[in-house]
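Reading through the structure tokens given below for one structure.
Residues: numbered from 1 along the sequence shown. We count ligands from 1, going down the list as the structure has it; atoms in each ligand are counted the same way.
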Amino acid sequence: MVIGGGVVGCSVLYHLTKAGWTDVMLVERLELAAGSSWHAAGGIHTHNGNVYLVDLQRYTVELYPELERVSGQDCGIHLTGGLQLADSPGWMDWLKTVHARGRYLGMETELISAREAAEIFPLMDPSLFVGAMWDRHEGHVDPSGVVRAYAKAAEVGGATVARNTMVEALSQRADGTWDIHTSRGDVHTEHVVNAGGLWGREIGRMVGLELPLLAMAHQYIITGPVPAVAEYRRVRGKELPTVVDFGGEIYMREESGGILLGTYEQDHKPWSPRATPWSFGSELLPPEIDRIAPELETGFTHFPALADAGIRNIVHGPFVFAPDGNPCIGPVRGIRNLWLAVGVMAGFCQAGGVGLALANWMAEGDPGFDVWAMDAARFGDWATIAYTNAKVRENYSRRFKIAFPNEELPAARPLRTTALYDRYTHANAVWGASFGLEVALWFQDAGEEPAEEVTFRRSNAFPAVAAECATVRGGVGMIETSGFAKYRVEGPDAAPWLDRILANRLPRPGRITLSPMLNHQGMLIGDFTIANLGDHFIVFGSGPAEEYHMRWFLAQIPPDGSVDVMPLGLTMVGLSIAGPASRDVLAAVVDHDVGAEVLRFMDIKAMDFGMIPALVGRLTYTGDLGYEIWVAPENLRGLYELLLDAGREHGIRDFGLRALDSLRLEKGFGSWAREYRPVYGPEEAGLSRFVALDKGEFIGCEAARQEREEGPRRRLVTMVVDAVDADAVGDEPVWHDGEVVGWVTSGGYAHTVGCSVALGYVPSELADPRRRLEIEILGSRRKAAVRPAPLFDPHGIRMRS
Ligand SMILES: Cc1cc2nc3c(=O)[nH]c(=O)nc-3n(C[C@H](O)[C@H](O)[C@H](O)COP(=O)(O)OP(=O)(O)OC[C@H]3O[C@@H](n4cnc5c(N)ncnc54)[C@H](O)[C@@H]3O)c2cc1C
């Protein structure tokens, strides 16, 4: 059963019928589209700051003709094309990056001058702009028509739609099925989808969930008749294109001879921040024109033709956001058969993709796309009401602001910190946040402000990060590793269970192994380090994926209690020391022989550091000689001081995540959510040596075997880039012979080897140093040479020494 007859719920219902589920029902407490859907401006576009959402938005836009065909309902499709206007060189750089990404995503965008833009949209004053991007896949639809079309198309496919039926409570039976208590009686169902839109939080609360959602009040105006609009129609015989003016923070389209103009105003306002009243129906909020007056003023300057048009109507309504502005979809960790389709802030651009992904997930067990960007599991319990409020407000006010690749946003911080927070702040750390946790990015020189300038080019972090890398490669550096996810796995069947969910063989007691985790389709859904501690295992993984991985673990765990998986979060924290002098530092603080033959590469042992009990694993992500040291939180500070003291004679210093990234790039080490994602198989990701096809059955083994037999179509490669002042950062297109053939997954400057480097996927036949590749960075194509081996220490001698 789908709860909620807005654009999202109706799309989920339609896609369930397309997946072959006909015994499906949607309940809507009022009329269809009675939430935020009916008063939307109906704007549609495919671009999104997150590349993984572009495909789903394109799918949504391209679905409308099919919907009209299947349902017989007019969706009011107007594909007018759209302009995105840049009023500063910074915005133009941003448009160049969007345009470049669009190339490998198959988007047909075009960069044009301000004068060319004014040819397309004569209402603008071109002297106030520096350029624009044209996308012919933009336009608008009729919101109510679209909702009705989804519902009718679903009914054609066998679904039932119950209007004026309010879900009042949900209760789950022991077998995982649900009793839905509605205003018109109870319904027993296997699955429940929360597509409650403005009431998504309230439906979540029916099952004890506090979802990270907040509605914002949003306004658009419709001007009176604009002579220039009528003139355009008369001369060109068509409608004006849609426009986004980033500098003015406004969006526009033609409406009834005038212009519909909306804004993401700075004087923004959450609506019903704690609970959405059930009494709210298909109504609008009273206009608050003063709150949007500054943006309107800019609009009337940028588009002088609007200045005298007057305002015919103001639409003011609420719609819901998640903290980062992307949807929250998917199953819920630990609650069977409950699905989320909430937080969809651009329903008319995204609902098709959301419906398709969720229906795939419910019917096939997998969304069929890389949906990490909208997976509800990207937030943990730390995303409280107050966190969500601060982040949603920040996100709303930044909707039309440039998102720089090195930018860290300030709202809701610091939230989670470890015992080193004050110490690192004192050491002039520049902070970032990951999964709600403060993480040191790099350390600014004493006396300088600990802040990074935001830019598409190399920032002021460059020399400091270079020095941190040099410390590691030349002596010893220390970095906090508390942000890793750690899971304790125990119980009589812990080993066979891990063996079934992981692709590699398990390590022997006292040893560590790397292992990918695959889904049933043989795609990468995890990249772990597994330590065998005799009576239990500790699995280390990516911190931001903790909720995502726990959801998968719990879904795979046998119900008989023979395996227990516990996320350790910040109850287990750590430091890593890395570099050629790290063994000397370690030897100075422990009472154990830590010689190369005793504590070998990939060994793990319990040791006391003075009075502090710790676990020491001999590996680091820097690809150098090094150790990860894990302790209880109350011992972290003591451990840090001890290592700092012992390291002083070796010139030890802190290094941050930016340096770690540079060090791993020059070793060609991939990273979760960058090189490793559910759209890649282990062969193409270069992880085949960690997939033990001969060990017996494990999840994804058949697909992995097939991938190995057939050979990968594309490969992850390291490329040295002929960059000038801007490195690749990820999502840039890779060119060969005048065609886009691949994309960058991450990049940066490799400080030890002194070159710009990028990791990315290219067709297998081009993964060859003799091929001439190029990477497009900020509008320029830069030579990129494939390197068959890691740039630093290609034979791995340092980490094994
Ligand atoms: C002014 C404005 C302009 C906008 N412009 C655009 C735009 O140009 N383009 C774009 O893509 N998006 C736009 N949006 C956003 C868009 O409206 C939303 O993304 C979209 O409506 C979200 O749809 P939904 O189905 O998630 O939620 P909703 O439309 O809120 O639907 C949820 C439904 O669930 C029902 N429901 C809730 N609880 C229960 C219950 N217990 N039992 C039964 N039924 C229940 C509600 O009655 C409601 O009908 C705009 C929004 C606003 C406010």
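Set against the non-hydrogen atoms of V344, the atoms of ligand 1 under 4.0 Å away are 18 (C), 19 (O), 22 (C). Counting atoms of ligand 1 from 1 in the listed order, those under 4.0 Å from a heavy atom of A346 are 10 (C), 11 (O), 12 (N), 19 (O). Taking a cut-off of under 4.0 Å to the non-hydrogen atoms of F348, the atoms of ligand 1 that pass are 10 (C), 11 (O), 12 (N). Counting atoms of ligand 1 from 1 in the listed order, those under 4.0 Å from a heavy atom of G5 are 33 (C), 34 (O). The distance from ligand 1 to the heavy atoms of L198 drops below 4.0 Å at these ligand atoms: 30 (O). Interface atoms of ligand 1 facing M166, defined by a heavy-atom separation under 4.0 Å, are 42 (N).
A donor-acceptor contact shorter than 3.5 Å links the side chain of T189 to the backbone of H191. Between the side chain of T223 and the main chain of A309, no donor-acceptor pair closer than 3.5 Å is present. Judged purely by atom type and a 3.5 angstrom limit, Q219 has no side-chain atom pairing as donor or acceptor with the backbone of P287. With hydrogens and angles disregarded, a donor-acceptor distance shorter than 3.5 Å links the side chain of T60 to the backbone of G352. Q172 places a side-chain N or O within donor-acceptor distance of the main-chain N or O of R336, the cut-off being under 3.5 Å. Under a 3.5 Å cut-off, the side chain of H99 and the backbone N or O of L95 do not form any donor-acceptor pair. Side chain of R184 to backbone of A162: no donor-acceptor contact under 3.5 angstrom is found.
Between the CG atom in N337 and the CG atom in D175 there is a gap of 8.5 Å [rounded to 0.5 Å]. Put simply, NE2 on H39 and OG on S144 are 10.0 Å apart, with the number rounded to the nearest 0.5 Å. One distance of note links NE2 of H47 with OG1 of T109; it measures 10.0 Å at 0.5 Å rounding.
Among all non-hydrogen protein atoms, the one lying nearest atom 24 (P) of ligand 1 is V8 CG2, 3.8 Å. Summary of contacts: the protein heavy atom closest to atom 48 (C) of ligand 1 is E28 OE1, 3.4 Å. Counting protein heavy atoms only, atom 17 (O) of ligand 1 is closest to S36 O, 3.2 Å. Scanning the protein heavy atoms around atom 43 (C) of ligand 1, the nearest turns out to be R29 N, 3.2 Å.
Residue contacts with ligand 1, taken as heavy atom pairs separated by less than 4.0 Å, do not involve P143 at all. The proximity of F280 to ligand 1, defined as any non-hydrogen pair under 4.0 Å, does not occur for either the backbone or the side chain. Neither the backbone nor the side chain of A351 comes within 4.0 Å of ligand 1, counting heavy atoms alone. Contact annotation for I203 and ligand 1: only side-chain heavy atoms (C-beta onward) come within less than 4.0 Å of the ligand. With a 4.0 Å heavy-atom cut-off, ligand 1 is reached by the side chain of W199 but not by its N, CA, C or O. Counting heavy atoms closer than 4.0 Å to ligand 1, residue M345 contributes backbone atoms (N, CA, C, O) but none from C-beta onward. Only the side chain of Y220 comes within contact range of ligand 1, with a heavy atom under 4.0 Å; no backbone atom does. For V27, every heavy-atom contact with ligand 1 shorter than 4.0 Å involves the backbone, none the side chain.
When only interatomic distances are considered, the shortest N/O to N/O separation between A40 and ligand 1 does not fall below 3.5 Å. Among the atoms of V167, some N or O lies under 3.5 angstrom from an N or O of ligand 1.
With hydrogens and angles left out, the side-chain atoms of E265 and Y396 include a donor and acceptor closer than 3.5 Å.
Within the set G9, S37, G6, the minimum heavy-atom distance to atom 20 (C) of ligand 1 is found for S37. Among V2, I3, V147, the residue whose heavy atom sits closest to atom 40 (C) of ligand 1 is I3.
Ring centers of H268 and F321: at least 6.0 Å apart, outside the cut-off. Centroid-to-centroid, the aromatic rings of W372 and Y52 stay 6.0 Å apart or farther.
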